[in-house]
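Comments concern the structure below.
Computed from heavy atoms alone, side chains included, the values below leave out hydrogens, waters and symmetry copies. If you're wondering where the values come from, they're calculated on a predicted model, not measured in any experiment.
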2 protein chains.
Amino acid sequence: MAKRITIKSIAQDLGISHMTVSRALSNNPNVSKATRDAILARANELGYVKSAAASAMRGDTTRIVGLLLPNIVNEFYARFANTLATACGQNGLHLIIHLTNDDPQAEDRAIARLREVQAMAVVMVPSPGGGDLGAAHLRAMKVVQLIRQRPSIRQAAAVLVNDRDAIAQAVVRLAQLGHRSIGYIGADAGLSSGRNRLAAFQQGLATAGIPVTSEHMHTGAPSFAMGRDHARQLFASEGATAILCGGFEISNGALNAFMELPEAQRSQTAFVGYGDPSFYTWINGGLSTIRVPVDRLAHQTLAVLTDPDPADEAYFNFGAEFVDRGLPRA
Amino acid sequence: MAKRITIKSIAQDLGISHMTVSRALSNNPNVSKATRDAILARANELGYVKSAAASAMRGDTTRIVGLLLPNIVNEFYARFANTLATACGQNGLHLIIHLTNDDPQAEDRAIARLREVQAMAVVMVPSPGGGDLGAAHLRAMKVVQLIRQRPSIRQAAAVLVNDRDAIAQAVVRLAQLGHRSIGYIGADAGLSSGRNRLAAFQQGLATAGIPVTSEHMHTGAPSFAMGRDHARQLFASEGATAILCGGFEISNGALNAFMELPEAQRSQTAFVGYGDPSFYTWINGGLSTIRVPVDRLAHQTLAVLTDPDPADEAYFNFGAEFVDRGLPRA
DNA sequence: TTGAAAGCGCTAACAG
DNA sequence: CTGTTAGCGCTTTCAA
């Protein structure tokens, strides 16, 4: 292993003080043109890079941003990460990704790690049932909550989705088409997003004049498997003719169950997903869905990250949209 | 901003030397039980985390791994990143993701950044036409090349895909079904993967007794747009009745063009993709494809990363598989 | 225009 | 068992 290239090694190399090298490399004017040029040339030739560790130890901010997501295969999270990572690259920020699988313990571990590297900020989709992050962590890192909001996390910005109207609209549309047995699958009430979406669903039913029976409303810890299993149940034993999903993972799981249906039943069943991965347009002649403006969320998140003087609890809400690609009558 | 919790602050707090605190926190036996317990309790209470910066400065390895991918929306890359990130989390490694968009300059920038934070390793899909990383970088970081191999990168492990047989098989199958006008879209010869896949395609044609005319073989810098545009051309002006894709991004781009076809033409056109995102099973009755064992690639990559005594140029090759989900006759 | 000293948090190597 | 010193790479402060 070759010796590290440091300002000291360069200084020794050139027979000058390391301070002069430091000044030259940080564009301090108090260096004669001759020495500056020599230093820059040598540094370039040797491939010098400043040690982030040394800077961090002096108290400079690290330019490391943590991103905590349930997973990164779901196209919504992938697209968010993609946009944010690209933007971070352009802004000289490092994006460290930790996947939580919605497991609070994995989340806690990830946060501790990010503290070790003195991350300047954490963008997170709070896992259901997680703790309160500890006050110590909060003081040290900027926190941005994405999609969901956990009440116990204080002094954190939030970038959220307002999907109330879109969901209610979808329900009304299903009712228009004659559906009376409309199933809903969403997160449980422990999450802000779960509460809101369920309320929107119920509001839609009310608007359409459909009695709100709880039997078709399935809530729980959101996951692919949860979505798939509840959808199977809705299709099989509960006789739902339409289904509406209240979450990204749930949507893909429910889609799985939907595609398992025999062609005859599927063509008479209405599916409304959540999120709008590119392939939804190609399936079954085009799947209807609740579209979430993922790029706008990502850009707002970056704006919060780079805001030099953030409000303690900045709060952003982006509207979702009901995309109707054609739904069968009941 | 509250003062940082350090071994010194804890030591002062307890009226002892910071060395004792250090020892207690790193399980050095030379600490009396009483003081050790007091220290651990206090550290825990205050939420102490060891500064990674200080450790790095002392020369300890950073446990930071860089991952350079073209993007993370393509399900292959997403799945690879997902598996690797999960595994990294379990091994206490930080995964820093930089997206290159296959742009050599972005790649260079990302590598320089990773050197700043003294990343212990870089996993990268080399961008087409990129440079040689500089010998300085190589000496400092372990490098793993993924999927593609750039000859100018030396002393780097490679985790690759052997898709020769799968591609040739696919061509032979298409020929069996009566296709004679088979289009191919792949990366150009600047990349190892591009050369190999094209050769496999030609070998398949030879086996099937189809003359190798170059008009149906499209190569270039691989991207979604490239795949889409060449596929459009193949379908429209070149009258291809079958198409085989030689790359992840290309496959999705070509799929886009395929789904644009009028139903009558599409049902008579054979599409063979590359990579096997979950949704391929749901499209058009199930898309045939060249499947790449993404999880095995990711696990092998982790094995290379955590290998304490790696060979200079460890080299791994995983077989791809032709998945036939039904293809129309010509 | 240049240099010397100090200190950020941590541990190895010595001294008690 | 516990404490002191020194040094990792860097910049701020003070001195020449």
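In this structure, CE of B:Met57 is placed 15 Å from P of C:dA12, rounded to the nearest angstrom. In this structure, A:Glu116 places its CD atom 11 Å from P of C:dC10, rounding to the nearest Å. The nearest whole Å value for the distance from the NZ atom in A:Lys8 to the P atom in C:dT2 is 20 Å. In this entry the distance linking CD1 of B:Ile39 with P of C:dT11 reads 12 Å, nearest Å. Between A:Lys33 atom NZ and C:dT2 atom C1' there is a gap of 18 Å when expressed in whole angstrom units. Atom NE2 in A:His18 sits roughly 9 Å away from atom C1' in C:dG3 (whole-Å rounding). C:dA15 atom C1' lies 11 Å from atom CZ of B:Arg23, rounded to whole Å. In this entry the distance linking CD of A:Gln12 with P of C:dT2 reads 19 Å, nearest Å.
In terms of the side-chain contact (heavy atoms from CB on, under 4.5 Å) criterion, residue partners of B:Ser127 (sequence neighbours excluded) are, by chain and number, B:Asp102, B:Pro104, B:Glu107, B:Arg150.
Taking 4.0 angstrom as the limit, A:Thr35 places a side-chain polar atom (N or O) nearer than this to OP1 or OP2 of C:dT2. Taking 4.0 angstrom as the limit, B:Lys50 places a side-chain polar atom (N or O) nearer than this to OP1 or OP2 of C:dT11. Distances shorter than 4.0 Å separate none of the side-chain N or O atoms of A:Ser17 from OP1 or OP2 on C:dT2.
Here the range on DNA chain D touched by chain A, meaning any atom under 4.0 Å from one of its heavy atoms, is D:dC8 to D:dT12.
Comparing B:Pro29 and B:Arg58, the nucleotide of DNA chain D nearest to each residue sits closer to the 5' end for B:Pro29.
Side chain of A:Thr6 to backbone of A:Lys8: a donor-acceptor contact under 3.5 angstrom is found.
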Name every donor-acceptor pair, under 3.5 Å, that has one atom in a side chain of residues 293-305 of chain A and the other anywhere in the protein, sequence neighbours excluded.
| from | atom 1 | to | atom 2 | distance (Å) |
| --- | --- | --- | --- | --- |
| A:Asp295 | OD1 | A:Thr83 | OG1 | 2.8 |
| A:His299 | ND1 | A:Asp295 | O | 3.0 |
| A:Thr301 | OG1 | A:Leu297 | O | 2.7 |

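Taking all atoms of both residues into account, the shortest heavy-atom contact from B:Ala156 to B:Gln145 is CB-NE2, 4.1 Å. The nearest pair of heavy atoms linking B:Arg4 to B:Val49 is NH2-O, 4.1 Å. Pairing each heavy atom of B:Ile72 with each of A:Ile72, the nearest pair is CD1-CD1, 3.2 Å.
Between A:Pro222 and A:Arg148 the shortest side-chain heavy-atom distance falls below 4.5 Å.
Using a 4.0 Å heavy-atom distance criterion, A:Ser32 is classed as a sugar-phosphate-only contact. In this structure, B:Ser55 reaches neither bases nor backbone, as no heavy-atom distance under 4.0 Å exists between it and the strands shown.
Relative to the side chain of B:Met19, the nucleotides C:dA4, C:dT2, C:dT11 differ in distance, and C:dT11 lies closest.
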